[in-house]
Amino acid sequence: MNGAATRDLFALAPLIIAFPIMGLVINLFIGRRLSERWVGTIASAAVGLSFVTALLQFAALQNTPDGIRVMVADWISIGTLNISWALKIDSLSVAMSLMVAGVSTLIHIYAIGYMHEDVRLQGDPGRFTRFFIYFNLFVAAMMILITADNYLMMFVGWEGVGLCSYLLIGFWYEKGKDGIGNAIAGKKAFITNRIGDFGFLIAMFLIFWTFGSLQFDEVFQSAEGAGTTVLTLITLFLLLGVTGKSAQIPLFVWLPDAMAGPTPVSALIHAATMVTAGIYLIVRSSVLFALAPATSNLVALIGAVTALLAASIAVAQFDIKRVLAYSTISQLGFMVAAVGLGAYVAGIFHLIAHAFFKALLFLSSGSVIQGVERGLHDSGQTNHETFDPQDMRNMGGLRSRMKITFWVYLIGGLALAGIPPLAGFFSKDEILADASENSTLIYILLTLAAILTAFYIGRQIFMVFFGEPKSEAAAHAKENPPIMTVPLLALAVLAAFGGILNLPTLQSLSKWLQLTLEQVQHTEFNVLVALLSFVFALAGLAVAWRVYGSQRDAADPMRRFLGPLFDLWENKYRVDEFYDWLFIKRYKALAFTLAEIVDWRFLHDWVHDTLLARTFQRSTRWLAEGFDLQVIDGAANNLARLIQGIASRLRTLQTGYVRNYALSIFFGLLILMSYILIQFSS
Amino acid sequence: MDSTILTLVTFSPILGTLILIFLPGKRIKAIRWTALLTSIVTFAISLLLLSLFDPNDPDLQLVIRLPWIRIAEWTIEYHLGVDGLSLLLVLLTTFLTPIAILSSWAAIEERVKEFMVFFLLLEVGMIGVFLAQDLFLFYIFWEFTLVPMYFLIGIWGGSRRMYAAIKFFLYTMAGSVLMLLAIIWLALQGGTFSVPELIAQGGIPENIQTWLFLAFAAAFAIKVPMWPLHSWLPDAHVEAPTAASVILAGVMLKMGTYGFLRFNIPLFPNAAVRFAPWMALFAVIGILYGAAVSYAQKDAKKLVAYSSVSHLGFVVLGLFALNAQGIQGGILQMVNHGLSTGALFLIVGMIYERRHTRELDAFGGLWKVMPIYAVITLIVTLSSMGLPGLNGFVGEFAILLGAFGSPAINSAWFAGFATLGVILAAVYMLNMFQKMFLGRIDKDENKALLDLNVREIITLVPILMLIFWIGLYPKPFFNLMAPSVEKVLAVIQTATIAVR
């Protein structure tokens, strides 16, 4: 390939973003008149074309490994602030684009089948098109985030994906608790993310006033010249943004509630792609984080603690999707810990592997849920309102009824648990190896989290697929059509063989990312760590099998065993309640005090109506009754002289110019009107 | 053409009022169309003005300057001119007026003729405010706008309209009196009412600048309104008819922020620098206070009204950052607020016409019956809370960035706290959206509501287009204002160096 051809390929880069936008525009304007198949095909094709474009960029990069900046248009330009719509095509952004577009395409196809069913079960088929409009919008925003060449454009994608998340969590906005639960979950996600975005914004202000630019290359080039304090501040505020988007302590609370969205949304946005944006941000800014060791240590600690905390909660959940949600938080914690330790490649590797197996797990759980719902329908039962098709205590024995789903679920689950040679084994092992070399504390926390991970996913698989069906619905569950199972199989292949991306000694991903990242650590494959984590994973699964493998009733044996600890985990450490008490209640009380007492009763009623108006009325009464009657009347004797005096002065005003008269008429009117007004008001 | 265009754009609505006066009051249709066409013609003239405007020239352009009234050695002049500080506001005025008139199509059915006459007169006053370059002429336009707005609220308003109208009038008047005194002092000392000449003269002693600054600020701060002088605002908005609210929030509040920029900053640069942290302080209090109070409102219109206190806090913060990012962001944010809050008032008006209530609790689940209305509201809501890619973000970001590094404000804390307002904006706006559109549609009155009709969509679509345009490609807008803002900054620079 020659240089000109490479340039031509790079020139296509904006299409990565443009294709999904075209897809959504088409569906927005004519989607109503198209059949579901067409709507779904257009949306999937748009994302597929985006994937193809990303592949072309991959090809072009082989020739120009340093990457390129693709300018699209000016955006904001004020004084020294110059921000463009421009794309940064390098090995990092292309790796992310390929993953996002690839997984998105599969999930789009799956969603054609899933949403066909879902809109009918929920009773509003017209919403099918809307779903795909949002879905394409999400991909476009995610691509803006990934390919941006400056922080502000990245922020556009950053908040854009947040918006899509809001819209899709609240997709069934009239459903959920009290008919408003889903909408509230969406709002919670948006606002929690905005708290993180506050950090992102402050970080950008600091970056601009330190470096005079928001463009990645310009910032990173001069990063070494900046002081440690300001770099620590910048990275700390970025970290706040990361904890929002990637659901880490303290802002992780929105993600479990986000499961209110349809399952393809959980798979795509709340597992595979959007939530990894925080990790991407840190890796993108690795130059800054590397120069701020204090922040990096905090990043690693937050990641590791989140990983363990979320894994423990996942052990005690009964909703099939909630287990996966906490699992996602926990796995994101692994990635955050990795990038905090400076293991950027390991972080990205796990990010990609996790995207494969977690998307697979979520989509399979969606398959399970719809299988059970269909079973509920076929079993002729009428308890649709009270029956929860997501509660694992209603499942069991699905292994024989949904064979494909079972097998792919098993692959996803084992990959998550870290069983070799599946994708999760290699990627997680790389993180653990890095941790073992850098920080014993982090290593211990992550290992504990890994043991719990194997246990909770084993628990889930055994509760759902093994034993006897625990409800009529589960007994009548049926497998889904190929439009759903084929993407599952594709993801299963990726989850099984994704480890190839960065096998020990081969290190293909490391070499690829090294083209962009300066600080790439080479961690040797650590046989001891790998063996240990394999043994731990097996142990976790074995304990889960022992406890749940042949369970007959719905009661959880672990509750007896763990006692109050299980309750604490089931109630998610009561963090939601704590935040509600600490922030939400306080803010509500403050807002109502300000509005009702300070603003209305004090400022509006007392200051205005009482203080100002009444004082004014009193003084006018005094003027009228006291001053006017006595002083003015007393002066009446002098009136003649007064008039004479005034008249002689007024004479000078008679200039003969109409405009002067016009002016005096205007003032006369003004005075007259004020008088009338005052009369009205009193 | 060049010397008459400003006169033309200012007074062209008068021609419409002349026609209206001779139309019989019963011919409502003809009256409405006359008013609408007049305002569209005015808008067209303002576009012509835009085409004549040279964006590279920082000075006043298309100036017309004639002696008007002579008092002893002082001459009050008919002096109009436009530059980058005022051009966008003139366009905003001429853009929003036809939209507001169209929005009153169904809402105003009584005394339509008088309504339209006042509306067009109001437009004259507002354009005049933005174009006048003679302090006295400015003052006359400034006061003149009160009269039609007073009647618009007082005659076509809600149940407490008289109270609200008088309060609106008196508050603004009270501030203006101090400004008038300051104007007279300036003219006595400087020998002229001409704003550009006074700015060029400069050299007002610093202690006197302080007093003059405060006197002008009294008028403008009430108009904006800055915390804690906002008590007239919720009353005026709640009682005003929709069209008047659109103009009141969309344009008239900007007369205050524009006043700061046109008069306070360049006329009293040393005082402006000195007061910058204080202005920032009150602005930030306004941002947070307005956001919190908005959240607690039960009436949709009141919620939007209080949100203006918050939004205009951003504008004031930007202006007194006294750097390019802050001021340009501030000017753009004036436009943005005019668009998004104007649209929000239209939106609230539309549901009020259907349900005759604005209580948030009376709605819920409206998306299902009014999908077009819901989607448009969502876009405007997002614009108002500053979602990147839409207009509000560009202005807010520039303001906060400017304020963060502003030497005049001299502390990043102000911008830091102001940025918290971004979170709070999401809280109150999403809360309103949820209460109106999400959840089950559980009230019978709401089940048969009709979605927007063509006229209503036409009133909103132009605003939506600008929301996207400014959000994605604000360059042409910044280009129009940049040289004039640089000039203001140069004035500050010179003045502060002179002091040192």
Side-chain angles (χ1 to χ4, degrees), chain A residues 73-81 85 124 152 155-156 158-160 163 166 170 173-174 178-180 182-184 186-187 190-191 194-195 197-198 201-202 204-206 208-209 587-588 590-592 594-596 598-599 603-604 607-608 655 657 659-660 663 666 670 673-674 677-678 680-681, chain B residues 68-70 76 140 143 147 150 162-163 166-167 169-170 173 228 231-232 234-235 289 292-293 295-297 306 323-325 328-329 365 367-368 382 387-389 394 397-398 400-401 404-405 412 415-416 419-420 422-423 426-427 430-431 434 437-442 472-475 478 482:
Chain A
D74 285 328
W75 184 21
I76 301 176
S77 171
I78 310 171
T80 50
L81 174 74
W85 293 108
D124 187 2
L152 197 65
F155 190 68
V156 175
W158 186 270
E159 280 226 329
L163 166 68
Y166 166 76
Y173 52 76
E174 72 277 46
D178 299 330
I180 192 78
N182 291 4
I184 289 175
K187 189 174 70 177
F190 204 129
I191 291 168
R194 270 246 156 158
I195 297 172
D197 297 352
F198 162 81
L201 279 170
I202 300 282
M204 282 197 283
F205 302 151
L206 283 165
F208 178 76
W209 291 110
Y587 181 63
K588 272 189 182 159
L590 175 75
F592 281 89
L594 283 180
E596 194 51 42
V598 177
D599 199 78
L603 268 180
H604 183 273
V607 174
H608 174 76
T655 52
Y657 290 116
R659 53 197 181 216
N660 287 20
L663 182 68
F666 174 77
L670 217 59
M673 192 160 308
S674 327
L677 286 175
I678 290 159
F680 261 113
S681 59
Chain B
W68 182 29
I69 302 165
R70 283 204 186 82
I76 297 170
I140 289 174
E143 293 290 290
V147 180
Y150 167 78
M162 280 319 288
Y163 169 84
I166 291 163
K167 192 168 172 181
F169 200 105
L170 290 180
M173 210 53 178
S231 153
W232 63 271
D235 287 314
Y289 179 95
V293 173
Y295 174 66
Q297 297 306 315
Y306 277 109
N323 55 17
Q325 289 86 7
Q328 290 199 31
W367 196 325
K368 201 138 202 176
L382 295 170
L387 186 88
V394 179
F397 179 78
L400 292 170
L401 183 87
F404 195 88
T419 311
L420 286 176
V422 174
I423 304 175
V427 176
L430 291 180
N431 194 50
Q434 177 188 312
F437 293 97
L438 307 182
R440 283 193 206 112
I441 180 151
D442 49 1
L472 297 171
Y473 195 63
K475 196 179 175 183
F478 283 130

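Each chain gets a letter, A, B and so on, in the order the sequences are listed, and its residues count up from 1.
Here the shortest heavy-atom pairing between A/A183 and B/Q434 reads O-OE1, 4.2 Å. Closest approach of A/L603 and B/P228 over heavy atoms only: CD2-O, 4.1 Å. When all heavy atoms of B/P474 and A/I76 are compared, the closest pair comes out as CG-CG1, 4.1 Å. When every heavy atom of B/A296 is checked against every heavy atom of A/A595, the shortest pair comes out as CB-CB, 3.5 Å. Shortest non-hydrogen contact noted between B/A426 and A/R194 is CB-CD, 3.8 Å. Taking both residues in full, the closest heavy atoms of B/G416 and A/F198 are given as O-CE1, 3.5 Å, listed atom of the first, atom of the second, then distance.
Residue contact with chain A, scored on non-hydrogen atoms closer than 4.5 Å, is absent for B/D442. Looking at A/F208, only its side chain comes within 4.5 Å of chain B, counting heavy atoms on both sides. Looking at B/L382, only its side chain comes within 4.5 Å of chain A, counting heavy atoms on both sides. Looking at A/L152, only its side chain comes within 4.5 Å of chain B, counting heavy atoms on both sides. Proximity to chain B is limited to the side chain of A/L163, based on heavy atoms less than 4.5 angstrom apart. With a 4.5 Å cut-off on non-hydrogen atoms, A/W75 touches chain B through its backbone and its side chain both.
A distance of 4.5 Å separates CZ of A/F205 from CG of B/L400, quoted to the nearest 0.5 Å. Rounding to the nearest 0.5 Å places CD1 of A/I191 at 7.5 Å from CG of B/N431. Atom CH2 of A/W85 and atom CG of B/L472 lie 5.5 Å apart (nearest 0.5 Å). Expressed to the nearest 0.5 Å, how far NZ of B/K475 lies from CG of A/D74 amounts to 3.5 Å. Distance check, rounded to the nearest 0.5 Å: OH of B/Y295 to CG of A/L590 gives 11.0 Å.
Options A/T80, A/V607, A/V598 differ in how many heavy-atom pairs under 4.5 Å they form with chain B, and the most are formed by A/V598. When each of A/V156, A/D599, A/L594, A/I202 is scored by its heavy-atom pairs under 4.5 Å with chain B, the top score falls to A/D599. With chain B as the partner, the residue from A/G179, A/G160, A/A73, A/G170 showing the most heavy-atom pairs under 4.5 Å is A/G179. Comparing B/F437, B/W232, B/Y306 by heavy-atom pairs within less than 4.5 Å of chain A, the highest count is held by B/Y306. Among A/Y166, A/F190, A/Y587, the residue with the largest count of heavy-atom pairs under 4.5 Å with chain B is A/Y587. The most heavy-atom pairs under 4.5 Å with chain A, out of B/G405, B/G365, B/A482, come from B/G405. Of the residues considered (B/Q297, B/K167, B/Q328), B/K167 shows the highest number of contacts with chain A, using heavy-atom pairs under 4.5 Å. Listed options B/L401, B/L438, B/L430, B/V422 were ranked by heavy-atom pairs under 4.5 angstrom with chain A; first place goes to B/L401.
In summary, the aromatic rings of A/F155 and B/F397 are positioned with their centroids too far apart to meet the 6.0 Å limit.
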Using the rule given for ring-ring contact (aromatic ring centres under 6.0 Å, His included), can you reason through B/W367 versus A/Y173, listing the C-alpha separation, both sets of side-chain angles and the distance that settles it, and then say yes or no?
CA-CA 9 Å; B/W367 196 325; A/Y173 52 76; 5.3 Å; yes

Might you work through the side chain to side chain contact (heavy atoms under 4.5 Å, CB included) test for B/K368 and A/D124, ending with a clear yes or no?
CA-CA 10 Å; B/K368 201 138 202 176; A/D124 187 2; 4.1 Å; yes

Which is it for A/H604 and B/D235 under the side chain to side chain contact (heavy atoms under 4.5 Å, CB included) test, yes or no, and what are the steps along the way?
CA-CA 9 Å; A/H604 183 273; B/D235 287 314; 2.4 Å; yes

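Judged as a side chain to side chain contact (heavy atoms under 4.5 Å, CB included), and not counting sequence neighbours, the contacts of A/I195 are A/L251, B/I423. In this structure, the side chain to side chain contact (heavy atoms under 4.5 Å, CB included) partners of B/A412, at least two apart in sequence or on a different chain, are B/F404.
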